[in-house]
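The following block contains the structure, expressed as structure tokens.
Since we're looking at a predicted model, the values are computed, not measured. Chain identifiers are assigned alphabetically (A, B, ...) following the order of the sequence lines, protein sequences preceding nucleic acid strands; residue numbering begins at 1 within each chain.
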Protein chains: 2
Amino acid sequence: MSKNKEKLKKVLHKEGLRFTSQREAVWNEIISSDEHRNADEIYMAIRLNGVLVSRATVYRTIDVLVKNNMVRKLDVGVGPSKFEHKMNAPHHDHIICIQCGRIEEFMVNQIEDLQDSVAKEYGFKLVRHIHQLFGICKDCQ
Amino acid sequence: MSKNKEKLKKVLHKEGLRFTSQREAVWNEIISSDEHRNADEIYMAIRLNGVLVSRATVYRTIDVLVKNNMVRKLDVGVGPSKFEHKMNAPHHDHIICIQCGRIEEFMVNQIEDLQDSVAKEYGFKLVRHIHQLFGICKDCQ
DNA sequence: ATTTCTTTGAGACTCATTCTCAATAAGGGC
DNA sequence: GCCCTTATTGAGAATGAGTCTCAAAGAAAT
């Protein structure tokens, strides 16, 4: 059994949820690409593969994956949220072009550390963060 | 004429928009409080003051104010967006409790500088950013 | 095999936000 | 002030992402 399938089984078990072919199909579709896709795009991709999974199940499954840190939810400021898997991908944040929608990934250790300090200072136990820079990319300027 | 009214007039003029009593009412309501309120709360507050402004106008006006950096839009992860004015208020970002919804403000110069570096590195002209830390506050832990 | 509990799918529903369009009001020129 | 042009407004319809419902189907337990 693949490592990814293992991972899914483990998380579902931890959540007290059953391993089903639908949930596997959603997870497989999400890890099959490094694109930032919305729920509907993921749903359509699964259908194109000939598998029948409802939109509701796609949303429900994504929720579980996001909650368990396997998928990141991305609010791009306009339209539906986008999702990306976090398997083997190092942590990163995003810089987004407000003209063309282009998304680049960035990661600065110093910023991560400073975030931890802020959380500590305010007595918060940090769960996640959103850090998105919006601007005009080189091509659109 | 108050400085705030001046500011609104200037921005509306710059945008080629007219100065109207409705837009003034929305702006006045927003600067009257330092709370983080959603569009509907702002709408209701205006009505309580006896002024009649439609929901559509509240949304339309907020859009202009956000675009012109007079108001900050806050996506708190669940439910409607919240808004806060930026008059005389130094720049800050937010740390949000995912249990009780409490919002604290923080500001770290070093993070701001690092953001600028990232934008520069990727060739982006930075327009705005979202930086929100989500966690469990002291009281909810 | 029977019971129990979870999951699923189809579509209804929610609710923040945006759109429509006829009526109204600003702003500029006279 | 009065016209004229053009923008703005309000009421409610429309949109659309996401969630919920509930009967049918499937898995697990006994």
Side-chain angles (χ1 to χ4, degrees), chain A residues 5 8-9 11-30 36-47 49-68 71-83 101, chain B residues 1 5 8-30 36-47 49-68 71-83 101:
Chain A
K5 191 167 179 173
L8 177 62
K9 281 201 164 174
V11 163
L12 289 175
H13 185 259
K14 189 205 111 200
E15 289 282 333
L17 299 171
R18 292 180 182 161
F19 178 86
T20 65
S21 62
Q22 289 89 338
R23 286 178 175 146
E24 187 180 15
V26 172
W27 176 230
N28 281 341
E29 182 52 49
I30 291 177
H36 303 89
R37 293 183 294 177
N38 63 43
D40 210 60
E41 286 163 347
I42 293 166
Y43 166 72
M44 293 307 284
I46 296 171
R47 302 209 102 206
N49 290 345
V51 183
L52 283 185
V53 174
S54 73
R55 226 175 284 265
T57 296
V58 171
Y59 275 104
R60 285 188 283 234
T61 304
I62 289 177
D63 281 351
V64 176
L65 299 175
V66 168
K67 183 177 170 200
N68 286 278
V71 166
R72 178 201 312 268
K73 183 178 184 173
L74 246 188
D75 173 5
V76 293
V78 60
S81 298
K82 301 196 170 195
F83 302 93
Chain B
M1 198 185 301
K5 191 167 180 175
L8 177 61
K9 282 201 162 175
K10 211 173 94 187
V11 162
L12 289 175
H13 186 259
K14 188 206 112 197
E15 289 281 333
L17 299 171
R18 291 177 184 168
F19 179 87
T20 66
S21 63
Q22 288 89 338
R23 287 179 174 145
E24 187 180 14
V26 172
W27 176 229
N28 281 342
E29 182 53 48
I30 291 178
H36 302 90
R37 295 183 292 177
N38 64 42
D40 210 60
E41 286 164 348
I42 293 165
Y43 166 72
M44 293 308 284
I46 295 171
R47 301 208 103 207
N49 289 345
V51 183
L52 284 183
V53 173
S54 73
R55 224 176 286 264
T57 296
V58 171
Y59 276 103
R60 284 188 283 234
T61 303
I62 289 177
D63 281 350
V64 176
L65 299 175
V66 169
K67 183 177 170 201
N68 285 278
V71 166
R72 179 199 312 268
K73 182 177 183 172
L74 248 188
D75 174 5
V76 292
V78 60
S81 299
K82 299 195 171 195
F83 302 93

| said: Quick one, A/W27 and A/T61 - any side-chain contact, counting heavy atoms below 4.5 Å? | reply: no
| Side-chain contact, heavy-atom cut-off 4.5 Å: B/I62 with B/I30? | yes
| request: Return yes if some donor-acceptor pair links the side-chain N/O of A/R23 with the main-chain N/O of A/R18 below 3.5 Å, else return no. | output: yes
| remark: When B/A56 and A/L17 are each assigned the nearest nucleotide of DNA chain C, the 5'-most assignment goes to A/L17
| query | Mind checking whether B/L65 and B/V11 have side chains closer than 4.5 Å, heavy atoms only? | reply | no
| query | If you round to the nearest 0.5 Å, how far is NZ of A/K82 from CZ of A/R37? | reply | 11.0 Å
| said: So if I take every side-chain heavy atom of B/T57 and compare against C/dT7, C/dG9, D/dG10, which nucleotide ends up nearest? | reply: D/dG10
Distances under 3.5 Å between protein N/O atoms and the N/O atoms of nucleotides 22-30 of chain D, please, pair by pair.
unit_1: D/dG26; atom_1: N2; unit_2: A/R18; atom_2: NH1; d: 3.0

| task | Check whether any side-chain heavy atom of B/V58 lies under 4.5 Å from a side-chain heavy atom of B/E29, and answer yes or no. | result | no
| Under 3.5 Å, side chain of B/E41 to main-chain N/O of B/N38, donor-acceptor pair present? | yes
| message | Just the rounded figure in Å: distance from C1' of D/dT6 to NE2 of B/H13. | response | 15 Å
| message | With side-chain hydrogen bond (donor to acceptor under 3.5 Å, both in side chains) as the criterion, how do A/Y59 and A/R55 come out once you've worked through the C-alpha distance, each side chain's angles and the decisive distance to 0.1 Å? | response | CA-CA 6 Å; A/Y59 275 104; A/R55 226 175 284 265; over 6 Å; no
At a cut-off of 3.5 Å, list every protein nitrogen or oxygen paired with a nitrogen or oxygen from nucleotides 15-18 of chain D, distance to 0.1 Å.
unit_1: D/dG18; atom_1: OP1; unit_2: A/S81; atom_2: N; d: 3.3
unit_1: D/dG18; atom_1: OP1; unit_2: A/S81; atom_2: OG; d: 3.3
unit_1: D/dG18; atom_1: OP2; unit_2: A/Y59; atom_2: OH; d: 3.0

